[in-house]
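Small disclaimer: the values here were computed from a predicted structure and weren't measured. Within every chain, numbering begins at 1; the chains are lettered A, B, ... in the order of the sequence lines, protein sequences first and strands thereafter.
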Number of protein chains: 2
Amino acid sequence: MVKPSDTRTRIQAVARELFLEQGVQNTSLKQISDRLGITKPALYYHFDSRDDLVRSIIQPLMDDLEAFVAGREPGDVRRLLEDYFDLIWRHREVIVAVLHTPAVLVELNLMDRMWEWRKRLTTLLLGPTPTTVAQIHATVALGGMSDCVVEHAILPFEEVKAAAVEAALTVLAI
Amino acid sequence: MVKPSDTRTRIQAVARELFLEQGVQNTSLKQISDRLGITKPALYYHFDSRDDLVRSIIQPLMDDLEAFVAGREPGDVRRLLEDYFDLIWRHREVIVAVLHTPAVLVELNLMDRMWEWRKRLTTLLLGPTPTTVAQIHATVALGGMSDCVVEHAILPFEEVKAAAVEAALTVLAI
DNA sequence: GTCTATACGAAGATAGAC
DNA sequence: GTCTATCTTCGTATAGAC
């Protein structure tokens with residue numbers, strides 16, 4: 001069990017905090033180091049660059065998403081929506097800070113991967129050749145769940161999950 | 001009919017373009033002036049500051065939203081969803097560039113107004129004392145429509161509108 | 001209205017001592 | 001691992017000539 005220098009973890013924690021408060025692009029390395037009580041250059045001992053730090057924070061979400069769409073076959077829509085909700089709820093802070101900020105995704109060249117995931121999710125839900133109308137419904141279902149995670153992050157998990165999944169399921173059943 | 005110096009309008013057009021391509025915060029005044037073939041200081045003849053320029057671009061959307069929630073009484077949910085869809089479709093470029101970028105809203109102190117609009121919209125749809133579950137459904141409906149405008153901006157207006165409104169309406173009817 | 005020139009600050013990043 | 005000091009680049013913004 002390698003212990004990743006405690007400071008590295010604390011830097012990431014503070015960065016996540018600030019990213020959530022004011023967005024990734026409005027957060028400077030100085031703000032991060034200040035809140036930690038260290039100096040800016042100290043950060044560079046733990047991360048190669050600012051991008052490196054940002055990426056390290058998004059990484060767990062990306063890994064989870066990747067695993068989700070990779071290890072799954074079509075069928076049981078309800079189950080898929082439930083598991084997907086669990087995933088985005090778990091990562092809701094990063095989603096608020098980063099995923100809902102297209103500019104950051106552009107900056108880090110992640111737009112293509114995001115589209116790829118969306119496409120594969122839609123395929124899992126609708127099959128390989130969905131109609132346009134079905135795709136729009138899927139957007140409402142998936143996008144709506146995502147918005148719930150952002151907008152109702154303070155409510156109890158189970159309550160939001162139940163209502164959001166129910167709504168998504170209903171839309172997909174039209 | 002006052003003609004707002006042609007250049008001012010062209011600056012806004014180019015700024016909108018760049019904001020859409022790469023986000024508000026990644027766009028510098030130099031990039032804007034370069035693409036226009038003028039120099040940076042020339043922009044300051046037409047706008048007091050960078051914020052002034054950004055605000056002037058968001059203004060039409062804000063005015064439309066304000067008028068929408070102000071001049072309307074509850075009832076006829078389908079009609080309300082249709083009109084709301086028309087509005088966000090009309091302003092989809094600005095929505096992609098700005099509204100989906102919380103950091104910009106924070107920077108311009110617009111978060112409160114956004115929340116206020118969302119709340120009034122929800123009240124129009126659900127009445128003054130909605131249950132939590134109903135609120136979550138409304139988030140899926142409204143958020144989902146908004147996502148459609150962003151994600152399917154290239155499809156024909158009527159097709160997206162019909163399917164998105166249908167989906168939203170169905171969710172609200174649960 | 002638009003230019004050149006420049007002030008000013010803040011950002012990311014590096015060098016080298018401790 | 002963290003510091004001080006510094007480099008470099010780029011951002012917004014202003015002064016003043018044309």
- line: Considering only heavy side-chain atoms of A:Pro41, the closest of C:dA15, D:dT12, C:dT4 is C:dA15
- request: Could you tell me the separation between the CZ atom of A:Arg55 and the CG atom of A:Asn109, rounded to the nearest 0.5 Å?
  value: 7.0 Å
statement: A:Asp48 atom CG is separated from C:dG12 atom C1', nearest whole Å, by 13 Å
query: Is a side-chain N or O of B:Arg8 found less than 3.5 angstrom from the main chain of B:His46, in a donor-acceptor match?
result: yes
field: Electrostatic pair A:Arg35:A:Glu21 at N-O distance under 4.0 angstrom
entry: yes
task: Return the value, rounded to whole Å, for the distance between atom NZ of B:Lys30 and atom C1' of D:dA13.
output: 15 Å
task: With heavy atoms under 4.0 Å as the rule, sort A:Ser28 into base, sugar-phosphate or nothing.
output: sugar-phosphate
Separation of C:dA13 C1' from A:Phe47 CZ (nearest whole Å): 16 Å
task: Look at B:Tyr44 and D:dA13 and indicate whether a side-chain polar atom (N or O) is within less than 4.0 Å of OP1 or OP2.
output: yes
- prompt: Considering only side-chain heavy atoms of A:His46, which listed nucleotide, D:dC3, D:dT2, D:dA13, is closest?
  reply: D:dT2
task: Would you mind reading off the distance between B:Asp34 atom CG and D:dG11 atom C1', rounded to a whole angstrom?
output: 14 Å
task: Report the distance from atom CD of B:Gln25 to atom P of D:dC10, rounded to the nearest whole Å.
output: 19 Å
field: Length of the CG-P vector between B:Leu43 and C:dC3, whole Å
entry: 9 Å
message: Between C1' on D:dT9 and NZ on B:Lys40, what's the gap in Å once rounded to a whole number?
response: 12 Å
field: Distance-only donor-acceptor check, side chains A:Gln25 and A:Thr101, under 3.5 Å
entry: no
message: Is it the case that the side chain of B:Arg92 and the backbone of B:Trp89 share a donor-acceptor pair, with hydrogens and angles ignored and the cut-off at 3.5 Å?
response: yes
statement: Looking only at C:dA13, C:dT2, D:dA13, the nucleotide nearest the B:Ser49 side chain is D:dA13
- prompt: Of all the nucleotides listed (C:dA13, C:dT2, D:dA13), which has the minimum atom distance to the side chain of B:Thr7?
  reply: C:dT2
message: I want to verify a distance call: between C:dA5, D:dC3, D:dA13, whose nearest atom is closest to the A:Ile38 side chain?
response: D:dC3
task: Please report, rounded to the nearest Å, how far the C1' atom of D:dT2 is from the CG atom of A:Asp6.
output: 15 Å
